[in-house]
Amino acid sequence: MPPLVHHVLAGAILLGALVGLVSYVTLLERKFAARMQSRIGPYYVGWPHGWLQPIADGIKLALKEDVVPDAADRWVYNLAPLAFLVPCVLIFATIPFAPGLGVADLNIGVLFFLAVSSLEIVGLFMGGWGSNNKYALISAMRAVNQIISYDLPFIFAALVPVVLTGSLRLSAIVEAQRGLFGWHVFAFGVIGPLAFLAFLVATLAAENRVPFDILEAESELVAGFRVEYSGMKFALIQLAEYAHMIGTSFLGALLFLGGWLGPGSQHVLVGALWFLLKAMVVFLVVTWVRWSFVRIRVDQILAISWKLLLPLTLVLLMATAFVVALRGAAGA
Amino acid sequence: MRDGASFLGETWQLVGAVRRAMAVTLRNLFRRPVTVQYPTVKRVYPDRFRGILALTYDRETGEENCIGCRLCEMICPPQVIKVEMLKAEKRNFARTFTLELYSCEFCELCVQVCPTDAIIMLKTFDLATADRRELLLDKDRLHALGLQHQPSWATGNRLRDMQAPPTPAKAEAKAEGAAAAAGGKTEAKEPAE
Amino acid sequence: MADAEARHVVEIGYGGNERLVMNMGPQHPSAHGVFRAILTLEGETVIAVDAVIGYLHRCHEKLAENLTYVQYPSIASKTDYVAAMTAELTYVSAVEKVGKIDVPRRAQYLRVLVAELQRIASHCLWLGTWCMDMGGALGGGATVFLYAIREREMILDLFEALTGARLLYGFHQVGGVRYDLPAGWTEQCRRTMDFVAGRIDEYEAMLEDNAFFLVRAQGVGVISRDLALDVGVCGPLIRGSGIGYDVRRTEPYSSYGDFDFKVPVEMAGDCYARYRVRMVEFRESIKIVRQVLDGLPEGPISSRPGVKSVGQVRIPKGEGYTRIEGARGELGCYLVADGGAKPYRLKWRGASFSNLAVLPHIIPGCKIADVVAIMGSVDPVFGEVDR
């Protein structure tokens with residue numbers, strides 16, 4: 001079929017699968033969190049164990065009244081969920097689920113991912129500003145501070161596997177992790193684990209997850225920049241947040257945990273399954289951290305970023321480059 | 001400026017603290033949840049559970065226990081009980097007995113003062129309704145509730161006995177007094193102020 | 001409204017020219033009840049706070065003038081509804097003091113028993129809500145909250161077996177207590193104490209040494225020793241600021257003198273110090289409960305007969321004040337009796353009311369996130385504040 005139709009179809013399938021995946025990941029998180037808190041989580045909707053809960057939530061949000069505050073800046077307020085959603089969904093374009101299974105395996109895949117995922121801040125700030133609500137505004141200010149500060153360590157930590165591989169193409173990075181301990185998380189003794197750890201911490205902060213969720217801080221700012229949104233717009237914001245969360249889990253699995261590699265991965269579907277499994281492991285670790293700690297103040301968050309994570313990731317990146325150059329000089 | 005050793009030491013301490021906290025959460029992941037899936041599963045209520053109120057019948061004769069003495073009405077702090085006495089030859093009854101359950105505090109004082117153990121509390125609280133008027137319990141409703149559900153251990157006489165355990169002489173006098181209670185002896189000492 | 005001169009404003013030389021007045025309103029996830037704090041912000045820093053209370057005023061003191069000494073103890077529990085036993089104890093102690101009524105030994109020991117159990121339950125709630133305020137309802141704070149409530153539910157099960165109610169008991173009466181221990185209760189109590197002691201170790205493992213927790217709690221909301229004495233805070237606040245004042249030690253009531261327990265004192269005066277004080281109080285309360293269970297004497301549970309009529313208790317003319325160490329501090333009741341069955345005048349001294357007075361001194365200068373941490377460590381209950 002003509003390539004345009006092929007691409008549109010691939011994109012549509014990906015979008016549909018993404019929405020389904022995001023919904024059920026919220027259910028996974030709720031059950032996981034509930035079990036850690038000695039309770040059960042969703043149970044009765046879609047008895048047993050709440051299998052229909054995400055669908056019920058989605059229907060409820062779609063049917064809710066769309067409330068726009070009287071003094072809100074209408075254009076900014078209404079466009080903010082879209083401006084927040086589009087970058088968060090666009091990052092999935094470059095992710096290869098298995099060899100050949102992906103929408104577009106760009107040869108600047110990592111760069112595209114990192115660049116586009118940073119655009120979500122615009123949508124976030126638009127939401128906070130357009131709501132004409134002091135809580136939302138404070139939250140938006142904190143968000144801009146925090147996400148910008150943490151994007152730098154995030155990028156540097158993500159660049160470590162790139163340097164180890166020598167390519168920005170995501171499928172090439174995965175291919176370079178063949179072998180028993182070939183995963184980049186085990187690279188060169190301490191560099192790989194440290195880089196993965198820094199990546200996880202930066203992910204927590206870039207996703208506004210506790211302990212870095214000061215921007216939505218339910219106990220201070222109720223819901224942060226989302227406070228004035230209800231109904232379908234709120235659903236879009238939730239979708240975008242969780243999609244971004246899963247996207248960075250996918251990236252972590254690709255960059256550090258070997259992507260689709262695993263026993264039996266010559267079959268495309270088995271490879272894709274391994275990939276999803278590893279991404280869910282990353283997601284669950286992040287969720288586990290989320291439900292174990294209290295949050296810290298915004299100035300402390302920024303201090304950690306600028307004084308701890310950024311120097312650490314810079315040093316890691318330089319060490320990686322040094323080690324790769326040595327290996328190349330020795331091998332060549 | 002911190003020296004390198006203390007920075008590493010602090011980082012190591014942070015790692016240890018993170019590990020400890022996450023270990024607690026992980027341990028709880030594998031514990032059984034404490035949720036009680038009401039109403040499929042009901043937990044066991046203790047004997048003295050203070051549930052909804054009800055009126056009782058005498059176990060031997062089948063007559064209503066309530067003698068209409070209005071002690072419960074006078075002691076109720078939010079004044080939710082309204083009683084009208086009906087005088088009869090051998091003993092008195094309550095002509096009407098209204099209890100506004102929506103305002104009841106469940107303090108058990110009415111149960112405490114009742115001389116004939118007429119008003120009691122039950123071991124259930126499940127009377128949720130969408131219409132508040134259904135919680136305005138009249139005498140028939142109260143008697144019906146008393147027959148439907150299990151009563152709590154705490155009745156007036158048992159509570160009073162617990163608070164001032166009777167000596168043997170008092171116990172005899174009480175037994176005699178209970179027999180004569182059908183004779184309509186009202187006990188109102190001080191009128192309500 | 002706030003008195004403009006008494007307001008304490010901290011000038012931080014911001015450089016920006018926007019002061020934002022933000023309302024942390026009576027409906028707020030971490031208002032601990034109904035508390036309105038009007039914050040003046042410059043950037044992220046609070047420079048002044050106007051506190052508005054009174055949203056829960058229910059005229060307790062007037063109500064007490066219309067209810068007899070037999071009826072009011074059930075209502076007294078609704079002042080400090082989180083620690084209802086100590087609230088009732090304050091009222092009946094005041095009545096007994098003015099009326100010179102003895103309380104039998106067993107009743108005194110039972111009062112100590114329930115007061116200490118109530119202290120443990122109240123501190124469980126404090127820990128849970130404080131961590132939830134600091135950590136978010138969707139986050140680690142909620143985890144600590146659910147663990148703490150799980151343990152509190154066990155203690156409430158004990159109370160339910162004893163009185164029949166879980167939150168507001170009506171356990172005390174003038175001259176003693178209303179309920180005696182049912183069969184099997186002491187074994188259940190001992191088991192619960194062992195279990196809770198083990199769980200407190202878990203909470204400490206989660207929070208102690210945890211850098212995330214420490215940066216939120218250390219150095220935040222420092223109440224200096226002089227400030228504590230000037231403003232008149234009480235309870236864990238004053239013990240966290242270096243002054244070892246505990247009513248159970250200075251004026252032992254209800255045979256507290258028979259028990260051996262430590263009064264924890266910390267010097268730092270910040271949220272972490274108050275946290276340490278309350279964690280030690282957890283364990284000390286467990287110790288006292290065990291001592292009471294070991295040494296519980298036999299005897300009547302009340303020096304007055306059981307309640308048979310509403311006007312049964314008449315107190316001769318007199319007035320008096322009693323103070324009790326509640327979970328939040330010094331709870332006091334001043335009673336004026338005129339010889340009838342109802343008090344002439346009743347005045348509650350709410351522990352949280354005096355504790356809240358320190359907020360305008362310590363909040364300005366800190367960040368918004370610190371406001372909730374400080375509120376949580378002050379642990380107000382608005383039933384006590386507004387009565």
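Computed from a prediction, not measured in an experiment: that's the story for all the values here. What you see below is based on every heavy atom in this structure, not just the backbone, and it leaves out hydrogens, waters and symmetry mates. Quick note on labels: first sequence line is chain A, next is B, and so on, each numbered from 1.
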Which of [options] touches chain C most, by non-hydrogen pairs under 4.5 Å:
options	value
Glu105(B), Arg27(B), Lys123(B)	Glu105(B)
Leu109(B), Asp47(B), Val34(B)	Leu109(B)
Arg20(B), Met22(B), Gln112(B)	Gln112(B)

Chain B contact via [X] - which portion, at a heavy-atom distance below 4.5 Å:
X	value
Glu153(C)	neither
Thr163(C)	both
Leu162(C)	both
Leu181(C)	backbone
Arg150(C)	side chain
Pro182(C)	both
Asn66(C)	neither
Tyr179(C)	both

What part of [X] gets closer than 4.5 Å to chain C, counting heavy atoms only: side chain, backbone, both or neither?
X	result
Ser152(B)	neither
Arg31(B)	side chain
Cys76(B)	backbone

Inspect the contact between [Y] and [X] and indicate whether a charged nitrogen and a carboxylate oxygen are less than 4.0 angstrom apart.
X	Y	result
Asp117(B)	Arg158(B)	no
Asp180(C)	Arg106(C)	yes
Arg48(B)	Glu108(B)	no

For chain B, find which of [options] contributes the most heavy-atom pairs closer than 4.5 angstrom.
options	answer
Ala107(C), Gly170(C), Ser74(C), Ser303(C)	Ser74(C)
Tyr169(C), Tyr72(C), Tyr147(C)	Tyr147(C)
Arg178(C), Glu208(C), Glu202(C)	Arg178(C)

For this session: Assert yes or no for the condition that the ring centre distance of Trp130(C) to Phe213(C) is strictly below 6.0 Å.
Result: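 So the answer is yes for these two rings.
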
Exercise. So which of Leu142(B), Leu99(B), Leu135(B), Leu145(B) actually passes side-chain contact (heavy atoms from CB on, under 4.5 Å) with Ile52(B)?
Worked result: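 Only match with Ile52(B) under side-chain contact (heavy atoms from CB on, under 4.5 Å): Leu145(B).
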
For this session: Quick one: pull up CE in Met74(B) and OG in Ser309(C) and give me the separation to the nearest 0.5 Å.
Result: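 Going from CE on Met74(B) over to OG on Ser309(C), the span is 7.5 Å.
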
Problem set entry | Any donor-acceptor N/O pair, Asp138(B) side chain to Arg141(B) backbone, under 3.5 Å |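 At least one qualifying donor-acceptor pair exists.
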
For this session: Would you please test Ser302(C) and Gln173(C) for side-chain hydrogen bond (donor to acceptor under 3.5 Å, both in side chains) and show each step?
Result: CA-CA 8 Å; Ser302(C) 173; Gln173(C) 68 176 16; 3.2 Å; yes

Exercise. Are Arg91(B) and Phe93(B) in a cation-pi contact, defined as NZ or CZ under 6.0 Å from the six-membered ring centre and within 45° of the axis?
Worked result: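 Checked: cation-pi criterion met.
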
For this session: Determine, for Phe106(B) and Arg50(B), whether the Lys NZ or Arg CZ falls below 6.0 Å from the six-membered ring centre while staying within 45 degrees of the axis.
Result: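 No; the conditions do not both hold, so Arg50(B) does not lie above the ring face of Phe106(B).
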
Exercise. Does a side chain donor of either Arg199(C) or Tyr203(C) reach within less than 3.5 Å of an acceptor in the other side chain?
Worked result: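 No - no donor-acceptor pair under 3.5 Å links their side chains.
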
